[in-house]
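First up is the structure itself, then whatever we jot down about it.
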Amino acid sequence: MAAPRKSAQQLAAREKARAKAREMTERHERLIEMAAEFFEQQEQAEQVRAEAQQKADAILAKAETDAEAAVLGSARTVRAMLDSGAARTDVAARLGLSGAEVKRLADMVSAASDTTDNPVEESPESAEGSVAEAA
């Protein structure tokens, strides 16, 4: 049998090279698509985390507000106990607090009532106006 002609060998080699190049190109395209999908998923993960952080911040802010209201309620209870004639040491002993904590809670009620009595502080201009009106 005669050996294939050189042109036939070259043609077969070119076809084989083209097929290999097509495979490499297809593989490269698949890798590019997978990389794009990876980056989309990473972006989505960051977005989910950011949204969760916003929700968590809102929940924590509400919890802090609710906790402050509860502490103010306990402070009002301490103030009511003191106003009923109980001694500070007696209130402290009943509640398991120190005398300083009882004082701090009682003062908290006074401070809270001062801020509700005067919700808006006067600016220097409005204070001058009220002084002029008084004169």
Side-chain angles (χ1 to χ4, degrees):
M1 209 147 118
R5 298 186 118 184
K6 190 173 183 181
S7 62
Q9 286 178 337
Q10 287 176 342
L11 184 60
R14 281 189 198 123
E15 287 300 318
K16 189 174 181 179
R18 285 186 185 119
K20 195 68 156 166
R22 267 192 309 273
E23 288 176 19
M24 289 176 63
T25 301
E26 289 171 4
R27 181 174 180 266
H28 178 70
E29 290 297 321
R30 282 193 308 269
L31 289 173
I32 288 173
E33 289 174 14
M34 287 181 206
E37 185 178 333
F38 169 81
F39 288 117
E40 288 173 5
Q41 291 169 342
Q42 289 291 91
E43 179 74 24
Q44 184 180 10
E46 279 301 313
Q47 188 175 10
V48 166
R49 286 185 187 104
E51 289 172 2
Q53 185 63 46
Q54 288 176 341
K55 290 177 183 177
D57 291 343
I59 289 169
L60 288 172
K62 182 175 179 346
E64 187 61 34
T65 302
D66 293 348
E68 288 173 2
V71 168
L72 186 57
S74 68
R76 285 187 178 119
T77 301
V78 168
R79 171 52 73 192
M81 292 172 82
L82 292 171
D83 289 347
S84 73
R88 183 178 292 161
T89 55
D90 184 36
V91 172
R94 286 180 185 276
L95 301 177
L97 301 174
S98 69
E101 288 173 306
V102 170
K103 181 178 181 338
R104 181 183 62 81
L105 289 169
D107 291 344
M108 186 184 296
V109 173
S110 300
S113 66
D114 288 346
T115 58
T116 56
D117 290 344
N118 300 320
V120 178
E121 293 183 16
E122 290 186 3
S123 66
E125 295 171 355
S126 64
E128 290 173 5
S130 58
V131 169
E133 290 174 6

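Quantities reported herein were computed from a predicted structural model and do not represent experimental measurements.
M108 and A75 get closest at one heavy-atom pair: SD-CB, 4.1 Å. In this structure, G99 and A92 approach most closely via the heavy-atom pair N-CB, 4.1 Å.
Under a cut-off of 6.0 angstrom, the local environment of CD in Q10 is crowded, with over 12 non-hydrogen atoms contributed by other residues, nucleotides or ligands.
At a threshold of 4.5 Å between side-chain heavy atoms, the hydrophobic network of Ile, Leu, Val, Met, Phe, Trp and Tyr places V109 and V71 in two separate groups.
The side-chain contact (heavy atoms from CB on, under 4.5 Å) test with L105 singles out one residue from L97, L82, V91, and that residue is L97.
Using a 4.5 Å heavy-atom threshold, the side chains of M81 and L95 count as touching.
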Validation: residues 17-40 side-chain donor-acceptor distances under 3.5 Å, sequence neighbours left out:
{"from": "R18", "atom 1": "NH1", "to": "E15", "atom 2": "OE2", "distance (Å)": "3.2"}
{"from": "T25", "atom 1": "OG1", "to": "A21", "atom 2": "O", "distance (Å)": "2.8"}
{"from": "E37", "atom 1": "OE2", "to": "Q41", "atom 2": "NE2", "distance (Å)": "3.4"}

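For residues 57-70, the pairs satisfying side chain to side chain donor-acceptor pair (under 3.5 Å) are Q53-D57, K62-D66, with sequence neighbours left out.
In this structure, CZ in R49 is found 14.5 Å from CD in Q54, a value given to the nearest 0.5 Å.
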